[in-house]
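Owing to the predicted nature of the structure, the values given are computational and were not obtained by experimental measurement. We're numbering straight along the sequence, starting at 1.
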Amino acid sequence: MDCAAWHTGYADLTTRYGDLGLTQFLPPDRFLVAVSSTRQQAFGGFHHPNQGYRHLQMVALVTAYGDMNAEPSELAVLDLLRGYAHDCLHYGSARRYQWRDGEVVRTQYGINYRSAEGRSYSARDKEGAESTRNLGVVMEGACDREARSITRAAADTHAITEPAGLDRYAYRDVTGSLTEGDVAALAAGVPGEGPEHTLYLSSMGRYQATVNGRYGRFLDRIGGPEASGLHSTILAAMISGDMRGLCAWLDGRFGPGAFAALFMTPSYLALAS
């Protein structure tokens with residue numbers, strides 16, 4: 001594999017994430033990549049089931065994009081860059097733990113909170129929601145927006161262009177250029193080159209609709225012309241765990257207590273039974 005695009009992206013992310021306050025990056029030897037499978041028609045990539053960052057082990061388990069019984073393509077390199085850049089932010093986000101009833105409870109992760117009793121700060125988005133008020137979706141969307149921006153820049157630098165055929169969906173996905181038509185087609189069902197590829201494409205469509213699409217509309221609605229600044233402020237707060245900058249940003253536009261008004265579900269403050 002020609003990994004030049006990955007190295008270009010890595011250099012870019014160390015600068016960009018460093019500017020946001022991240023000083024420790026996910027060690028590449030803790031980014032474990034499966035490149036083959038014993039299953040026929042196994043299909044890997046960012047949307048492969050049950051892959052991603054593991055908080056307890058502080059390791060990412062991922063698969064190379066494409067037919068896992070064939071040689072990886074240059075698109076696989078872009079997909080791995082997107083995955084690494086994404087998981088690097090998961091690794092670098094602040095977290096806080098408490099000891100309760102003989103168990104370790106994570107009560108803060110980035111800008112998201114959970115009570116020691118297990119109650120989430122924000123509620124899940126309703127089915128079919130266009131935007132989001134769920135902090136988990138906001139954080140996931142922020143990670144992927146930044147990761148895809150880095151991947152798009154690396155693809156441009158190395159003149160890696162959109163391929164023909166079904167791989168065009170993956171290229172648009174990793175570079176953040178899926179269209180509404182693409183998402184609609186993926187939701188309706190795009191036949192892949194095998195059953196796992198078909199499921200992969202379906203998962204890609206769901207992720208775009210429920211994470212990236214909702215986060216993008218959240219930025220547009222809450223940030224407006226300052227959406228880019230809001231995105232950077234969210235990332236900086238995730239990394240530091242310091243909410244003052246983000247709360248001040250929101251308070252300045254929506255009034256005091258805007259963060260709680262936007263995100264907090266009443267059940268979060270309910271007394272433990």
**Student:** Please confirm whether the backbone N or O of G118 pairs with a side-chain atom of R114, one donor and one acceptor, at under 3.5 Å?
**Tutor:**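 Yes, because the side chain of R114 sits within donor-acceptor range (under 3.5 Å) of the backbone of G118.
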**Student:** Only counting residues at least two apart or in another chain, list the ones meeting side chain to side chain donor-acceptor pair (under 3.5 Å) with S177.
**Tutor:**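 S177 satisfies side chain to side chain donor-acceptor pair (under 3.5 Å) with T175 only.
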**Student:** Got a sec, which residues hit side chain to side chain contact (heavy atoms under 4.5 Å, CB included) with R206, two or more places apart in sequence or on another chain?
**Tutor:** S202, S203
**Student:** Quick one: hydrophobic cluster around L56, which other residues, with the 4.5 Å side-chain cut-off, linked directly or via members?
**Tutor:** none
**Student:** Scan for side chain to side chain donor-acceptor pair (under 3.5 Å) pairs involving residues 26-46, sequence neighbours excluded, and state none if there are none.
**Tutor:** R39-E196
**Student:** Does L135 offer a backbone N or O that forms a donor-acceptor pair with the side chain of S122 under 3.5 Å?
**Tutor:**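 The answer is yes, because a donor-acceptor pair under 3.5 Å joins these two groups.
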**Student:** Excluding sequence neighbours, so at least two apart, what forms salt bridge (charged side-chain N to carboxylate O under 4.0 Å, His left out) with D173?
**Tutor:** R82
**Student:** Please go through L186's hydrophobic cluster and name the other residues, only I, L, V, M, F, W, Y counting, with side-chain heavy atoms under 4.5 Å joining them.
**Tutor:** F43, F46, Y65, L75, L78, I160, L166, Y169, Y171, V174, L178, V190, Y200, L201, M204, Y207, V211
**Student:** Pick from R214, R217, R133: which one makes a salt bridge (charged side-chain N to carboxylate O under 4.0 Å, His left out) with D125?
**Tutor:**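 Per the salt bridge (charged side-chain N to carboxylate O under 4.0 Å, His left out) rule, the option paired with D125 is R214, out of R214, R217, R133.
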**Student:** Considering residues, nucleotides and ligands other than Q57, do more than 12 of their heavy atoms fall under 6.0 Å from its CD?
**Tutor:**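 More than 12 within 6.0 Å, yes.
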**Student:** With no hydrogens and no angle check, do the side chains of R145 and H231 hold a donor and an acceptor under 3.5 Å apart?
**Tutor:**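 On atom types as modelled, these side chains do not qualify, holding no pair under 3.5 Å.
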**Student:** Donor-acceptor pair, R95 side chain versus S93 backbone, under 3.5 Å?
**Tutor:** yes
